[in-house]
Amino acid sequence: MEAHQHSPDSSSEECTVLEAPPDKNACPQHAGKVADLYCTDCECVLCEDCMSDHEEHPTIPLSQALEQHRSSLQERLGAVQNRLPQISDALSFIKEILQQLTSQRASIEEDIQSSFEDLHKQLDVRKSVLLMELEVTYGLKQKVLQAQVDNLTRGEGDIVATCTQSEEALAGEACVASLQAERELQEKLGELAGLGLPCQPEENDQLDLVMETDGLRKSIHNLGTIVTTSAVASQSEAMGAGLEQCIVGHPASVTIVTRDKSGGACKSGNAILSAEVFTPDGSIVDGEIVDHKNGTYEFVYIVPKEGDFSLALRLYDQHIKGSPFKLTVNRVLEAEVEVSPSTTTATSSAAYATPSTGSSEGAKRRGKSPGQKKKGSKRASSALGTPRRKTQNPIEDDLIFRIGTKGRNKGEFTNLQGVAASSSGRILIADSNNQCVQIFSNEGEFKTRFGVRGRSPGQLQRPTGVAVHPSGDIIIADYDNKWVSIFSCEGKFKAKLGSGRLMGPKGVSVDQNGHVIVVDNKACTVFIFQLTGKLITKFGSRGNGDKQFAGPHFAAVNKNNEIIVTDFHNHSVKVFTPEGELVLKFGSNGEGNGQFNAPTGVAVDVNGNIIVADWGNSRIQVFDGSGSFLSYINTSADPLYGPQGLALTSDGHVVVADSGNHCFKVYRYLQ
C-alpha cells in the first residue's frame with residue numbers, strides 16, 4: 001500500500017512505502033512464518049519449518065500454551081500479591097520497633113544526662129560542705145592560737161618595757177628622788193614575775209583530709225549499664241511439664257530459652273518477657289517470671305481451678321515458638337496428694353526463693369469458707385466465690401453495683417489490676433491488658449480513659465497500679481516498662497520516675513508528705529520517691545524474713561504515715577515506718593479468719609482499720625490497726641474471683657477490682 005505525504009518545506013512530492021506491522025505470532029527462527037505450536041520439552045514456539053527438529057517432541061497448540069502460561073503467571077502474581085499485606089504489616093511493626101528503639105535511646109540519653117547532672121550537683125554540694133567544714137575547723141583552731149599569741153605578745157611587751165625601765169633606774173644615781181619610782185618598778189616586776197602566761201600551746205596544727213576515692217572511682221568506672229539482648233521471639237522456645245498440664249492449686253513451672261535471629265542461645269538476661277495463663281472465661285492467672293541471668297527464664301504459676309486453659313508466652317510482645325500453648329488443669333483430692341519436700345523446695349527456690357506455695361499448706365483450694373476443711377472433698381463450682389458470711393462477726397454490707405465485662409471498649413476490661421479513689425469523687429482503674437486507665441464517678445458512670453500502648457515515655461505497656469496525688473496528678477505503675485508514669489488529671493503525660501531502678505513496679509500509693517510509694521514486685525523492694533523522681537529511700541529484699549518480701553503487690557498509708565504492704569507469696573501483711581523499720585506483721589497461709597492465700601489489694605479507713613483483698617480465697621477481710629481480725633465484707637450475693645486492687649471511695653464505700661470477673665465492684669462499708 002502506498003501513501004503520498006507532502007513535505008512542509010518542499011513543494012515536491014515524495015513517495016513513502018509503509019510496511020505492514022509484524023505478525024504477533026511470527027516465528028523467531030524463520031522469517032515470514034507464523035508459529036502455531038508450542039514444544040513443551042524445549043519450551044519454545046514452533047512454525048511448520050521448525051517441526052523437522054521437534055518431530056519426536058510433544059507439542060500443543062500455541063493458543064493453549066499461551067493460556068497456560070498466562071494462567072501460571074496470574075497464579076504466581078496472586079501468590080506474590082498475597083504477601084504484600086503480610087510484608088506491609090511486618091514493615092509497620094518493624095518501623096514501630098525502630099521508632100520505639102529510637103525513643104528509648106533518647107529517653108536513656110536524657111536519663112544519663114540527668115543522672116550525671118545530679119551526681120555533679122551532689123559532688124558540688126559535698127565539695128562546698130568540705131570547704132565550709134575546713135573553714136569552720138580552721139577558724140576555731142586559729143582563734144584559740146591567735147588569742148594565745150596575743151596574750152603572750154602583750155606579756156612579753158610588758159616585761160620588756162618594765163625591765164628596760166628597771167635597768168635605766170639601776171644605771172642612775174640612787175637618791176631620795178628615785179626611791180618612789182624604784183619601789184613602783186619593784187612591785188611591777190613582782191607582778192610580772194608571777195604573771196600566768198599561756199606558754200604551752202592550747203591547740204595543735206593538725207588539719208588533714210581523708211579522701212577515699214579508690215572505691216568511688218571504681219564505682220564511677222562501673223556506674224550505669226546499657227542493658228539489652230539479641231533475643232527474638234521467632235527463635236525462642238519453651239519447655240517443661242507446665243506447658244501441657246498442671247494440678248489445681250499446685251505450682252507449675254515452664255522454662256523459656258531465648259535465642260537470637262540465627263537460633264543461637266542467648267547468654268545474658270534482662271529480656272522483656274511476659275507470661276499469661278488465660279482461664280476458660282478469659283481471666284488471667286497470676287504468676288512470676290524469674291530471670292536466671294543466663295538467657296533462660298522460669299515462669300511459675302498456680303491455677304485455682306480445673307479446665308482447659310491457654311498459656312501465652314511473649315518476648316517483646318511477640319509470641320515465642322508454639323505460643324499460645326494449650327494447657328490442661330486437673331483436680332485431685334487433697335488426701336491423694338503428697339507433695340515431696342525436695343520437689344517443693346526445688347520449685348520454690350527457682351520461682352522466688354521463698355517458702356513454696358506448692359507445699360501441702362500452700363496448696364489450699366480457692367474460695368473455701370473458713371472452717372470448712374474436709375479432707376478429700378471436691379470443691380463445688382460455687383466455691384469459687386467469697387466464703388459464706390460467718391455468724392460470729394459479719395459486716396452487714398451489700399453490693400451496691402458492679403461495672404464492666406470482658407472487652408476493650410469503654411467500661412470494659414481485660415485484666416484490671418490497681419484501683420484508686422480520689423477526693424473529688426472519682427474511681428480510677430488500671431486496665432492492665434488494655435494499656436489504659438479508666439475513670440468513673442463514685443456512682444459508676446464512665447467519665448474518661450487515657451493510655452496509648454508502647455514503651456516510650458508517656459505510653460503504657462502494662463499498667464498495674466494507680467494512685468492519685470494530692471496535687472491531682474495520676475500516678476501509674478507500669479510493670480513491663482519498669483517505671484512509674486505521672487499524668488495530669490486530664491491524662492496528659494508529665495514525667496516518669498524510677499527508670500533504671502525499678503524491675504517490676506506493681507502497686508503505687510502516696511504518703512502524707514506527697515511522696516510516691518512504689519511496690520516493686522520483681523525486686524521485692526519498696527521504693528519511696530519525691531514527685532520529682534529523686535529517690536528518698538528503699539527497703540526490702542527477696543526472702544521470708546520480717547523485712548523481706550516474696551512478690552509484694554500493693555501498699556497503703558495510714559494516718560501515722562506508716563506503709564502497709566501485702567506480701568503475696570508470704571501470705572502476710574506488713575507495716576513499716578517511712579524509714580523501712582518493721583512495725584507490725586500479721587497473717588499466715590490458710591483459709592481461716594485472719595489467714596491469707598496470697599493477699600493483694602489493701603486500704604486503710606479513717607479509724608485505722610486495714611482492709612485486705614485475699615486473692616486466693618476470693619474474699620475481703622477487715623483487721624484493726626494492730627492486725628487483729630475483725631470481719632469479712634459480705635460479697636456472697638455476687639462472689640469475687642481473684643480480687644486485685646482495693647480502695648475506699650470518698651463517700652466511704654469499698655471498691656475492688658474483681659479481675660477474674662472482668663469488672664470492679666462497689667460495696668457498702670460500715671466504718
Side-chain angles (χ1 to χ4, degrees), residues 231 233 236-246 248 250-256 258 271-291 297-329 351-352 357 366 404 406-408 412-418 429-436 451 453 455 460-465 477-482 503-506 521-522 551 553 568-569 598 600 615-616 641-645 657-663:
S236 299
E237 54 195 353
M239 59 193 70
L243 277 180
E244 299 178 354
Q245 61 182 355
C246 70
V248 171
H250 287 260
S253 175
V254 175
T255 299
I256 300 100
T258 56
I272 299 176
L273 190 70
S274 64
E276 296 169 335
V277 178
F278 291 87
T279 60
D281 60 1
S283 60
I284 297 175
V285 172
D286 266 6
E288 183 165 3
I289 297 174
V290 177
D291 185 351
Y297 304 78
E298 189 163 7
F299 174 54
V300 180
Y301 63 93
I302 300 174
V303 181
K305 64 179 183 180
E306 64 181 337
D308 294 324
F309 295 72
S310 294
L311 170 58
L313 297 173
R314 294 183 179 89
L315 182 66
Y316 301 108
D317 295 330
Q318 301 172 68
H319 286 285
I320 69 170
K321 280 184 180 179
S323 176
F325 302 90
K326 293 183 178 179
L327 176 66
T328 301
V329 181
Y352 24 74
T357 56
R366 175 192 290 232
K406 187 175 189 293
R408 296 191 175 275
E412 298 177 342
F413 306 101
T414 307
N415 192 24
L416 65 168
Q417 296 269 313
I429 306 293
D431 192 359
S432 180
N433 284 28
N434 285 334
Q435 291 87 28
C436 70
R453 178 181 178 180
R455 296 190 179 276
L460 301 175
Q461 189 64 24
R462 189 180 173 191
T464 52
D478 194 330
Y479 191 93
D480 283 354
N481 276 334
K482 301 180 183 179
M503 296 175 62
K506 172 79 174 183
N521 173 269
K522 202 167 185 179
H553 268 48
F568 191 84
H569 291 298
T600 48
W615 180 83
Y641 180 37
Q644 287 274 354
D658 191 357
S659 185
N661 289 321
H662 316 293
C663 67

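No experiment lies behind these values; they were computed from the predicted model shown.
Gln318 is linked by a side chain to side chain contact (heavy atoms under 4.5 Å, CB included) to Phe93, Ile97, Ala233, counting only residues two or more places apart in sequence or in another chain. Take Ser323 and apply the side chain to side chain contact (heavy atoms under 4.5 Å, CB included) test, not counting sequence neighbours, and it matches Ala312, Leu313, His319, Ile320, Phe325. In this view, Glu237 and Arg259 satisfy the side-chain hydrogen bond (donor to acceptor under 3.5 Å, both in side chains) rule, not counting sequence neighbours. Among residues two or more places apart in sequence or in another chain, the side chain to side chain contact (heavy atoms under 4.5 Å, CB included) test is passed with Lys522 by Tyr479, Met503, Asp520. For the side-chain hydrogen bond (donor to acceptor under 3.5 Å, both in side chains) test, residues two or more places apart in sequence or in another chain that qualify with Asp658 are Asn661, Lys665. Take Asn434 and apply the side chain to side chain contact (heavy atoms under 4.5 Å, CB included) test, not counting sequence neighbours, and it matches Arg408, Thr414, Asp431, Cys436. Gln435 is linked by a side-chain hydrogen bond (donor to acceptor under 3.5 Å, both in side chains) to nothing, counting only residues two or more places apart in sequence or in another chain.
Atom CD1 of Ile302 sits about 9.5 Å away from atom SG of Cys246, to the nearest 0.5 Å. With rounding to the nearest 0.5 angstrom, the CD1 atom of Ile272 is 7.5 Å from the CG atom of Asn481. Between atom OG1 of residue Thr258 and atom OH of residue Tyr297 there is a gap of 5.0 Å, rounded to the nearest 0.5 Å. In this structure, CZ in Arg455 is found 10.5 Å from CZ in Arg462, a value given to the nearest 0.5 Å.
Side-chain atoms of Ser659 and Asn415, non-hydrogen and from C-beta on, do get closer than 4.5 Å to each other. Side-chain contact between His553 and Gln417 is absent, with no heavy atoms from C-beta onward closer than 4.5 Å. Counting heavy atoms from C-beta on, the side chains of Phe299 and Leu311 come closer than 4.5 Å.
When all heavy atoms of Ser236 and Leu315 are compared, the pair lying nearest together is OG-CD2, 3.5 Å.
Applying the 6.0 Å contact sphere to NZ of Lys321 captures more than 12 heavy atoms from other residues, nucleotides or ligands.
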